[in-house]
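Beneath this line is the structure, given in structure tokens, with notes to follow.
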Amino acid sequence: EPEVTQTPSHQVTQMGQEVILRCVPISNHLYFYWYRQILGQKVEFLVSFYNNEISEKSEIFDDQFSVERPDGSNFTLKIRSTKLEDSAMYFCASSEHRRGGELFFGEGSRLTVL
Amino acid sequence: RKEVEQDPGPFNVPEGATVAFNCTYSNSASQSFFWYRQDCRKEPKLLMSVYSSGNEDGRFTAQLNRASQYISLLIRDSKLSDSATYLCVVTGGIQGAQKLVFGQGTRLTINP
């Protein structure tokens, strides 16, 4: 069964450092997403991406965040200068359709900022 | 008011019991509705979509009341493997159709 894969599974970084989280969506999917979940809290939408551009982003997704699809298969989330409050599980997801279609989530990348 | 509100639980029920979860949402423009399950420290996985007419998938029954902005999930004959956190999820409005809005989740433990 096709799946969304994410790397790394866990990253520990110092505050102020740049972090890149990588995702390989399911190959025939056209819509890509990043969500995050702070420990003990709900899953929160960060950004959606379609046709090589951001289609929607949340208030969380400020100037410190960026996304890119550099090579047609990877979908990356970059945090320019990490803060303690960026510590969370980051989930990549992809879907074939925009409306009502199932989102397939990766297993997540746990980011710990010290 | 929270966008999606759920009773956080925890619910502890014996194996074989029937358990019901409720959820309310605030955005009347939401167009799609789902129940996801999340195991501890794992990714959310789609359990079932929820339709206005109500729908059933084996032991799971979901209902949607758009007028009351209320969604429910019923699990019959619960199994140990049903232990998880159940997430009520709605999509954003017309402009945010791609965005999933998650509830806090209801934690369920099935006891042998």
Side-chain angles (χ1 to χ4, degrees), chain A residues 1 3-6 9-10 21 23 25-26 29-51 53-61 67 87-112, chain B residues 1-10 21 23-27 29-52 55 57 62 64 66 71 84-107:
Chain A
E1 184 179 318
E3 58 182 18
V4 176
T5 57
Q6 289 186 242
S9 56
H10 188 195
L21 305 178
C23 169
I26 294 173
H29 286 185
L30 301 176
Y31 300 90
F32 314 113
Y33 312 84
W34 284 100
Y35 286 78
R36 80 168 187 191
Q37 187 174 31
I38 295 170
L39 187 64
Q41 297 187 23
K42 65 179 182 177
V43 177
E44 298 174 291
F45 170 79
L46 291 179
V47 65
S48 58
F49 192 86
Y50 169 70
N51 200 26
E53 60 183 24
I54 290 173
S55 45
E56 187 173 359
K57 60 183 180 179
S58 71
E59 292 174 356
I60 303 168
F61 194 87
V67 288
S87 295
M89 182 74 94
Y90 288 82
F91 292 108
C92 175
S94 68
S95 68
E96 193 175 359
H97 304 291
R98 180 171 182 262
R99 285 178 184 260
E102 179 178 355
L103 262 67
F104 293 81
F105 284 83
E107 292 188 340
S109 293
R110 180 168 297 283
L111 176 65
T112 302
Chain B
R1 184 180 170 186
K2 290 181 185 176
E3 287 187 273
V4 179
E5 197 146 4
Q6 294 182 249
D7 180 346
F21 304 136
C23 162
T24 56
Y25 61 95
S26 61
N27 186 351
S30 295
Q31 303 204 353
S32 300
F33 309 89
F34 310 93
W35 284 100
Y36 276 72
R37 74 171 271 168
Q38 187 175 31
D39 294 295
C40 189
R41 294 182 178 265
K42 298 283 191 181
E43 74 277 21
K45 289 187 178 176
L46 180 67
L47 179 66
M48 59 195 302
S49 301
V50 187
Y51 304 113
S52 296
N55 48 300
D57 183 2
L64 166 65
R66 282 188 185 262
I71 305 165
T85 296
Y86 289 82
L87 309 174
C88 179
V89 183
V90 308
T91 53
I94 303 231
Q95 287 186 326
Q98 297 170 272
K99 179 179 110 174
L100 296 185
V101 181
F102 286 79
Q104 181 85 15
T106 300
R107 190 164 174 182

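Naming convention: chains lettered A, B, ... in sequence-line order (proteins, then strands); numbering from 1 in each chain.
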Check your understanding: Which is it for Y31(A) and Y50(A) under the ring-ring contact (aromatic ring centres under 6.0 Å, His included) test, yes or no, and what are the steps along the way?
Key -> CA-CA 5 Å; Y31(A) 300 90; Y50(A) 169 70; 4.4 Å; yes
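- Looking at F104(A), there are no atoms closer than 4.5 Å to chain B (heavy atoms on both sides), in backbone or side chain.
- Considering only heavy atoms from C-beta on, V90(B) comes within 4.5 Å of I71(B) through its side chain.
- Neither the backbone nor the side chain of E44(A) comes within contact range of chain B; no heavy atoms are under 4.5 Å apart.
- In terms of non-hydrogen atom pairs under 4.5 Å with chain B, the most contact-rich of S48(A), G108(A), S58(A) is S48(A).
- F91(A) touches chain B through its side chain: at least one heavy atom from C-beta onward sits under 4.5 Å away, while N, CA, C and O do not.
- The choice from V43(A), L39(A), V4(A) that makes the most heavy-atom pairs within less than 4.5 Å of chain B is V43(A).
- At a 4.5 Å heavy-atom cutoff, the contact between L103(A) and chain B is made by backbone and side-chain atoms alike.
- The closest side-chain donor-acceptor pair between Q6(A) and E43(B), if any, does not fall under 3.5 angstrom.
- Residues passing the side-chain hydrogen bond (donor to acceptor under 3.5 Å, both in side chains) test with T112(A), sequence neighbours excluded: H10(A).
- The heavy-atom pair separating F45(A) from E56(A) by the smallest distance is CZ-O, 3.6 Å.
- Listed by chain and residue number, nothing satisfies the ring pair (Phe, Tyr, Trp, His ring centres under 6.0 Å) test with Y51(B) (two or more places apart in sequence, or in another chain).
- Looking only at heavy-atom pairs under 4.5 Å with chain B, the residue among E107(A), Q41(A), M89(A) that has the most is E107(A).
- Only the side chain of Y36(B) comes within contact range of chain A, with heavy atoms under 4.5 Å apart.
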